[in-house]
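Read through the structure below, which is laid out as structure tokens, and then see the notes.
Note that the structure is predicted; figures quoted are calculated from it, not measured. Residue numbers begin at 1 in each chain, while the letters A, B, ... track the order of the sequences.
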Amino acid sequence: MKADPIESLVQDLKPITPMMSSFRTTLILVLGSGVLASLILISLWGTREHFETLFSANIYRYNFTALLFLSLIFASLLSLGRLPAFASRRNKLSLLVVPAFALGLLVYHWHVGHGSEAWSAGWPCSERVLLLSLPILILTVGLLRRGAPIYRRTLAIQVGIFSVAAPAFVLPLVCENQEAFHLLSAHFVTPLVLFSFFTALVVPKFLRW
Amino acid sequence: MFKKSVRATPSGDEVVLGSLMRRSQSGDQDAYRRLLQLLQKLADRFAAGMYARAGLKETKEWEDAVQEILLAIHSKRHTYNREQNFLPWFYAIARYKVIDHLRARHRMPVTEDIAEVVIASDLSTESGVDGQDIEKLLATLPEKQRNILRLVKLEGLSVKETAEKLSLGESDVKVSLHRAMKSLMNGSGGEA
């Protein structure tokens with residue numbers, strides 16, 4: 001700064017537009033990620049036949065409800081985490097969903113007795129989720145950068161978790177496989193673990209200010 | 001999930017600084033000048049305290065950190081919510097910038113945990129509370145403990161400096177500080 005730093009900052013002062021409320025930001029994040037993932041998914045792969053039957057199947061109802069809930073929770077954590085006064089180390093607890101889901105999936109895998117081919121068969125779906133998560137990640141990080149994130153690593157992993165939720169939510173529009181293990185592993189948990197690991201490594205530097 | 005304001009008996013500093021910040025956000029240059037002058041003093045004490053805890057006070061590098069805090073306040077002033085307390089917002093930014101400065105200059109590992117170690121005696125770390133809760137918890141303490149805690153833990157004064165400022169004995173300050181921290185960790189206010 002110059003010799004009189006305070007005066008130079010004062011001269012640079014302009015009225016500011018208040019930040020969007022956390023509630024509004026949360027809604028925009030959830031709706032925006034859902035719409036974006038749907039648009040990209042449909043434009044790239046179209047939809048499967050009779051996808052409207054999804055909504056009457058119990059497995060999808062549970063799937064949709066769980067993912068919507070997860071998306072809402074993480075969107076609200078992100079919208080609060082971008083504000084310094086609300087940043088909280090306790091938010092780290094939310095990251096436990098990653099090992100919890102991973103462990104749950106392993107237990108489930110052991111319980112249903114699938115072979116290792118069940119994992120490899122689902123990989124194309126996992127790739128699609130990862131691909132759809134990228135634009136959501138970029139837009140969300142852009143939004144966070146407008147704030148003043150304090151706990152960058154925690155926020156980076158939360159962004160990863162949030163970015164996976166919407167693609168996992170919409171992928172059944174394309175995928176014909178209705179097996180619970182496939183939905184859980186290929187559509188959600190595998191991309192969740194990989195993507196949150198990726199964002200934990202890459203995103204913190206983009207949140208620096 | 002979305003907490004309402006945590007204003008609980010705001011201190012004098014809180015009222016003045018909050019008011020100046022709100023006027024500054026509207027473009028009032030006089031208010032902004034006054035605000036920055038006051039914040040510079042707060043940031044100075046805070047940064048010096050954190051550098052002292054890291055064993056680096058002699059380097060005087062904390063003076064650079066103060067400038068960075070003021071710049072951050074300026075560039076992120078839109079993130080202050082007019083309906084919230086000002087001081088938790090300010091200290092969150094100040095702590096972030098000082099830790100960032102410490103990491104950059106002294107090659108400290110870039111992890112949040114190390115940051116917490118550096119500020120191991122910081123109020124929020126010891127009591128397990130965060131910025132938004134500090135003012136609320138402080139309000140539960142008797143005035144004497146509250147003042148001591150604010151000066152030592154938030155503004156970074158030494159026990160000796162605090163004792164001189166409040167015209168108290170050093171041992172009195174230490175005992176009150178210990179009681180205040182114990183009360184906060186138990187989640188309720190204590191007795192003087």
Side-chain angles (χ1 to χ4, degrees), chain A residues 1-2 4-27 72-92 94-95 144-157 200-201 204-205 207-209, chain B residues 1-3 6 24-37 39-40 64 66-68 70-97 99-100 110-113 115-116 124-125 128-135:
Chain A
M1 274 195 288
K2 295 172 189 171
D4 189 356
I6 289 183
E7 200 51 42
S8 61
L9 293 179
V10 169
Q11 294 309 318
D12 190 47
L13 182 71
K14 293 180 185 68
I16 52 103
T17 313
M19 285 196 83
M20 205 189 301
S21 73
S22 295
F23 181 73
R24 215 169 145 192
T25 309
T26 300
L27 286 183
L72 272 169
I73 288 175
F74 278 87
S76 56
L77 288 172
L78 291 174
S79 62
L80 290 176
R82 79 207 153 108
L83 303 172
F86 277 112
S88 168
R89 278 190 310 280
R90 282 172 295 195
N91 284 349
K92 271 185 184 172
S94 67
L95 307 183
L144 291 175
R145 279 169 59 87
R146 297 188 62 194
I150 299 286
Y151 297 106
R152 287 181 284 144
R153 180 87 59 190
T154 303
L155 217 55
I157 301 172
L201 293 177
K205 68 183 75 162
L207 296 178
R208 191 155 186 245
W209 50 277
Chain B
M1 186 69 69
F2 303 103
K3 286 187 180 180
V6 287
S24 302
Q25 284 186 322
S26 305
D28 182 338
Q29 289 194 332
D30 292 334
Y32 195 46
R33 186 176 293 107
R34 181 74 190 125
L35 176 73
L36 290 177
Q37 285 165 349
L39 291 184
Q40 189 173 30
D64 295 338
V66 172
Q67 302 303 314
E68 287 185 22
L70 292 182
L71 272 174
I73 295 292
H74 180 73
S75 62
K76 296 294 180 186
R77 63 190 187 280
H78 62 284
T79 64
Y80 169 66
N81 182 336
R82 292 164 175 248
E83 292 176 12
Q84 303 293 333
N85 280 333
F86 176 80
L87 284 171
W89 177 84
F90 167 72
Y91 283 117
I93 288 181
R95 186 187 305 141
Y96 175 81
K97 292 313 287 187
I99 290 168
D100 205 42
V110 186
T111 70
E112 287 162 7
D113 292 335
E116 287 162 20
S124 62
T125 309
V129 296
D130 294 287
Q132 72 262 35
D133 298 331
I134 289 174
E135 288 298 322

Can you say whether [X] sits under 4.5 Å from chain A via the side chain, the backbone, both, or neither, judging by heavy atoms?
X       : result
B:Asp28 : backbone
B:His78 : both
B:Gln40 : side chain
B:Ser26 : backbone

Which region of [X], side chain (C-beta onward) or backbone (N, CA, C, O), has a non-hydrogen atom less than 4.5 Å from a non-hydrogen atom of chain B, or is it both or neither?
X        : value
A:Leu13  : both
A:Arg208 : both
A:Glu7   : side chain
A:Thr17  : backbone

Check your understanding: Should B:Thr79 and B:Trp89 be marked as a side-chain contact (heavy atoms from CB on, under 4.5 Å) after you check the CA-CA gap, both sets of side-chain angles, and the distance that decides it?
Key -> CA-CA 9 Å; B:Thr79 64; B:Trp89 177 84; 3.0 Å; yes
Practice item. Go through the steps to decide whether A:Arg146 and A:Trp209 satisfy the test side-chain contact (heavy atoms from CB on, under 4.5 Å), and finish with yes or no. Key: CA-CA 10 Å; A:Arg146 297 188 62 194; A:Trp209 50 277; over 6 Å; no
Please find the pair of heavy atoms, one from [X] and one from [Y], that lie closest to each other, and give the distance.
X        : Y        : answer
A:Val10  : B:Tyr32  : CA-CD2, 3.8 Å
A:Met19  : A:Arg82  : CE-NH1, 3.0 Å
A:Pro149 : A:Leu155 : CB-CD2, 3.3 Å

Review point. Regarding A:Thr26 and A:Ser79, is there a side-chain donor-to-acceptor distance under 3.5 Å anywhere?
Key: yes
